[in-house]
There are 4 protein chains.
Amino acid sequence: MSEQNLDEVIYNQEGLTEKQKKILEAAIETFAEKGFAATSTSEIAKKAGVAEGTIFRHYKTKKELLMKIVSPMMFKLIGPIVIKDLYKVLDQEFDDFEEFLRAMIDNREQFLKNNIKTIRILIQEIPFQEELREQFIEHIGKKVYGRFRRIVQHYQEKEEIIVMNPDTVIRLIISTVLGYFATKYVISPREWNDEEEIERMLGFLKRGLTPIKK
Amino acid sequence: MSEQNLDEVIYNQEGLTEKQKKILEAAIETFAEKGFAATSTSEIAKKAGVAEGTIFRHYKTKKELLMKIVSPMMFKLIGPIVIKDLYKVLDQEFDDFEEFLRAMIDNREQFLKNNIKTIRILIQEIPFQEELREQFIEHIGKKVYGRFRRIVQHYQEKEEIIVMNPDTVIRLIISTVLGYFATKYVISPREWNDEEEIERMLGFLKRGLTPIKK
Amino acid sequence: MSEQNLDEVIYNQEGLTEKQKKILEAAIETFAEKGFAATSTSEIAKKAGVAEGTIFRHYKTKKELLMKIVSPMMFKLIGPIVIKDLYKVLDQEFDDFEEFLRAMIDNREQFLKNNIKTIRILIQEIPFQEELREQFIEHIGKKVYGRFRRIVQHYQEKEEIIVMNPDTVIRLIISTVLGYFATKYVISPREWNDEEEIERMLGFLKRGLTPIKK
Amino acid sequence: MSEQNLDEVIYNQEGLTEKQKKILEAAIETFAEKGFAATSTSEIAKKAGVAEGTIFRHYKTKKELLMKIVSPMMFKLIGPIVIKDLYKVLDQEFDDFEEFLRAMIDNREQFLKNNIKTIRILIQEIPFQEELREQFIEHIGKKVYGRFRRIVQHYQEKEEIIVMNPDTVIRLIISTVLGYFATKYVISPREWNDEEEIERMLGFLKRGLTPIKK
DNA sequence: AATGAATGAGAGTTCATTCAT
DNA sequence: GATGAATGAACTCTCATTCAT
């Protein structure tokens, strides 16, 4: 598949011993469930089936363990959009804005489903880890934002979407899409017709962003 | 103003000693800054200028202290919408949907500005505190949602907004508004023309939710 | 009745306020149940229905409270034997040794039943409270023992009991009687015919202490 | 000697680190001296020359430490009587009841001397530790009592001791013997001729339990 | 006399981390 | 590389006691 599971990225990478993988697995599990600060290293060791000392042989501190889990996420979180899809868009690979949105949503949803625990940890810890915030601004704030803005401008020029400050457009799109993901994966309502919801959301975005006719 | 500051609700309420108020103030400050689990009671005591034992004289456990801070938020968070504005809307106090949205956004923004730290703690801890999740479902999920749905249906009947599953309509509105708040208060971009942003958001919502003409 | 209830001695004595009585009552209850060291003053206060400070208004320390409860016991524990019964015996009020034992056992059993909790506290704390041990030696070791020895010698002279070191005789009697009380009140066996047990014990003591015929 | 020192049983057993032994030694010492509730873990740590955390690495709680010290006592306390001596008695290894008593007293006295501190802790804590009481009833109340009763019946059949409810006979013997031990080891009188005291006690028991001639 | 808020020392326990094996 | 015993600082919480009211 085109989208790789981040779990692999993190703990199936080469050079990791069996124990290291177990540690990462256990840490992700527990950090996601109880939070970083409320998780003890002895708990991770027990869950991973290794001695307490073994964790510190591979990761100097508990915080380094967190960072090794969460940091690569930053790059992957928005990676594909940035790198691959930008050129697809500019090369007219997508007929229109709606098709681009559809592809992007699908692509990110795969990623999200595969890495939900790690993403949860990332979101929880961003407010408290200076280092993560810096990385976030560096990667999302600069690289992604810049390229996303070019895509929006591309469709504005094609008169498919309204001429409005691209930052605002991006915000409106992201808010709407995150709201969809949050509802689906966090609230997870009992009645949920996914296809319908996607169509409604796309309709809403399309109408909301349609250029105003003179 | 009509909107009261929740800080008052929490720690200026009658029956609290001077020390208790100091404890609450210090706890809110520190929980917001470092997170609940990473905050020690000795730190709170020091910041509040009281003995550590004093905290436990008033709050049996550290968790009870958290709950006493965060729980009333639940009720206030969406209180006004539910109680006051529902009848304003149904009594035609608002001419149209846009005016209703404008009022709601303004009202909640005041509240948010006054209680930003406590809200931050609430959001951070909801994933880890079963009790909070239950209260959230009880208060937001049931009371608020039900009434918000009636408002949406009211405007749908007046043909001001599109006929679509009200739950989806609510989600789209809330996502958009939360995105606005998050950008303004969390990301807080250097360039930000608030009036323009509100107008753009309202325009977007209006267009996105306009009934489709036959 | 001739035998007074020690509870009265302790907390119905004149000059005690209602609150003081409640404190003593609660303290006896709790010390007996959980032990002195494992009982907190706040627990006593709660059970007595008084403020924590009130305890310390009447008793400078927690230990003083213990002493005020347990110390008078020392005097009462063996009081009657010493004072009254000694002269009864020497004045031939009791026809024989068996009748004396019978009277003593009955008398002490009444006392024990009325003051079981306080006695339990006394027994528990004697190993740890120097002061109690001193009092014990002073009152039991010297006064009681001396007089008890005279009684034994009295019956030895009357050739009712064996001529043997009186200390040993006393020890054998006390061991046997305490064994009876302990079985009855601590082990409390389901099947227990009290009259029979008393007769068996008295028969055993009589036979065991009968002078050896030449 | 045949009788092993329980201290060995407790803290010389294999698999214990040097530190663990020190901890047990220090705990026994201090619990015996000040009582369980009045002993702090920091005190034990200091006396044992280990860090406080080390105690909790080996014993989850302070109470578990108590139990690990005191629980094996239950089994050893009356062990030999039950297992070995029962058959010695029934196999006529002892000529008469007096010889049996003599052997039993000697055997238990060795044990008592070797484990006096631990036994003291056991006696002190039995009233407060439900778990200990249950074990006591299970081991002493059921196993020992049953076998002791058979020994008594054995000598009753041989017409060496009086025909009387065996439970009462056992109680009279145990009371007398415990009284001897208590006087010797707890009161420890200055003048004490041990051989004489044993002979007097055995004489007393023998006479007290002699069958009544018709 | 009685209160109960306040204290700070110290309780039992947990923790991330180290290090000899 | 892996272990797990050991650490001691820090944690949450309890305690006996004080004192202003």
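Given the structure is predicted, the values throughout are model-derived calculations rather than measurements. Both backbone and side-chain heavy atoms feed into the values below; hydrogens, waters and symmetry mates do not. So that the names make sense, note that chain A is the first sequence line, chain B the second, and so on, each numbered from 1.
Considering only residues two or more places apart in sequence or on other chains, D:Glu43 meets the side chain to side chain donor-acceptor pair (under 3.5 Å) condition with D:Lys34. Residues satisfying the side chain to side chain contact (heavy atoms under 4.5 Å, CB included) test with A:Lys46, not counting sequence neighbours, are none. Every residue two or more places apart in sequence or in another chain that forms a side chain to side chain contact (heavy atoms under 4.5 Å, CB included) with A:Ala48 is listed here: A:Lys22, A:Ile23, A:Ala26, A:Val50. Listed by chain and number, the residues in a side chain to side chain donor-acceptor pair (under 3.5 Å) with B:Glu125 are B:Gln129 (sequence neighbours excluded). Among residues two or more places apart in sequence or in another chain, the side chain to side chain contact (heavy atoms under 4.5 Å, CB included) test is passed with A:Ser71 by A:Gln135. Contacts of B:Glu130 classified as side chain to side chain contact (heavy atoms under 4.5 Å, CB included), with partners at least two apart in sequence or in another chain: B:Arg133, B:Glu134. Residues meeting the side chain to side chain donor-acceptor pair (under 3.5 Å) test with B:Glu138, sequence neighbours left out: none. In this view, B:Ser42 and B:Ser40 satisfy the side chain to side chain donor-acceptor pair (under 3.5 Å) rule, not counting sequence neighbours.
Less than 4.0 Å separates DNA chain F from no heavy atom of any residue of residues 29-37 of chain C. For the segment residues 44-62 of chain B, the set of residues with a heavy atom within less than 4.0 Å of an atom of DNA chain E comprises B:Val50, B:Ala51, B:Gly53, B:Thr54, B:Arg57, B:His58, in numerical order.
The side chain of C:Thr17 contributes no N or O atom lying less than 4.0 Å from OP1 or OP2 of E:dA1. Regarding contacts with the backbone of F:dT7, a side-chain N or O of D:Lys19 is found under 4.0 angstrom from either OP1 or OP2.
Sorted by first and then second residue, the pairs that involve residues 23-65 of chain B and meet ring pair (Phe, Tyr, Trp, His ring centres under 6.0 Å), not counting sequence neighbours, are B:Phe31-B:Phe36.
When base pairs are accepted only as Watson-Crick or G-U wobble with both N-N or N-O distances under 3.5 Å, DNA chain E takes part in stems of 3 or more pairs at E:2-21 with F:2-21.
Summarising the geometry, atom CD1 belonging to A:Ile44 is positioned 12.5 Å from atom CD belonging to A:Glu25; distances are rounded to the nearest 0.5 Å.
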